[in-house]
Amino acid sequence: GENVEQHPSTLSVQEGDSAVIKCTYSDSASNYFPWYKQELGKGPQLIIDIRSNVGEKKDQRIAVTLNKTAKHFSLHITETQPEDSAVYFCAASMARDDKIIFGKGTRLHILP
Amino acid sequence: ETGVTQSPTHLIKTRGQQVTLRCSSQSGHNTVSWYQQALGQGPQFIFQYYREEENGRGNFPPRFSGLQFPNYSSELNVNALELDDSALYLCASSRGRTDTQYFGPGTRLTVL
């Protein structure tokens, strides 16, 4: 079955700097890659997603890139702000409504 | 439009007992998926219900069972609770087979 690896497990960046989180997946049949942000005491919130026929997608300060050949995908957050502090999960799925396989998460700390 | 809601928010049970968790899907959504999130880990897929039928199951034993009702709300039942069942239980709903999954806030289950 699908396996998603995520790095790093913890990331600290100065406010205003960029943060990058990297993931790899194992099943070449996966074609939908969502990213979730989870704050303390809350469920995961979808922040951006990308399908396998697209190499890059951007939404304001957040961008995702996908290398389907290498089975790598990454999340880039620019101009980080204190409210970006949270746990971020990458995930892979066959389709938007199919079971989602999550990575283990990255705890992002934005330092003042 | 209301989001996904779950009840109760917290629950404490003892080993061997049975528990029922409830999820109300977002308005207009007919698909509900359940996930288990252990502390410090990513969510793991338990099963999915589509129009009241089970539509896929993860690697969980039969003592994890579920239901979906005509109004598309759902229940997760766990029998013979074990200490390792302590986790945050999340449900996610979607409009159908082509839509994104949206998560509820979760139910925190503690098994003593």
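Predicted model only: the values in this text are computed from it and were never measured. Residue numbers begin at 1 in each chain, while the letters A, B, ... track the order of the sequences.
- One side chain, E2(A) or S26(A), offers a donor N or O that lies under 3.5 Å from an acceptor on the other.
- Here P43(B) is the residue among P43(B), P105(B), G58(B) with the most heavy-atom pairs under 4.5 Å with chain A.
- Contacts of K104(A) with chain B are made by both backbone and side-chain atoms, with heavy-atom separations under 4.5 Å.
- With a 4.5 Å cut-off on non-hydrogen atoms, L88(B) touches chain A through its side chain but not through its backbone.
- Salt bridge absent: R15(B) and D85(B) never bring a charged side-chain N and a carboxylate O closer than 4.0 Å.
- With hydrogens and angles left out, the side-chain atoms of N77(B) and T20(B) include a donor and acceptor closer than 3.5 Å.
- For a residue to count as touching a neighbouring chain, one of its non-hydrogen atoms must lie under 4.5 Å from one of that chain's; by this rule Q6(B) does not touch chain A.
- The greatest number of non-hydrogen atom pairs below 4.5 Å with chain B, out of G105(A), G43(A), A91(A), is found for G43(A).
- There is a path of hydrophobic side-chain contacts, each under 4.5 Å, that joins V64(A) to Y88(A).
- Annotation: Q14(A), atom CD; neighbour count of heavy atoms from other residues, nucleotides and ligands within 6.0 Å is above 12.
- A continuous path of Ile, Leu, Val, Met, Phe, Trp and Tyr side chains, each step under 4.5 Å between heavy atoms, connects F73(A) with I77(A), placing both in one hydrophobic cluster.
- Within the 4.5 angstrom heavy-atom criterion, no atom of Q45(A) approaches chain B.
- There is no contact between F47(B) and chain A, counting heavy-atom distances below 4.5 Å.
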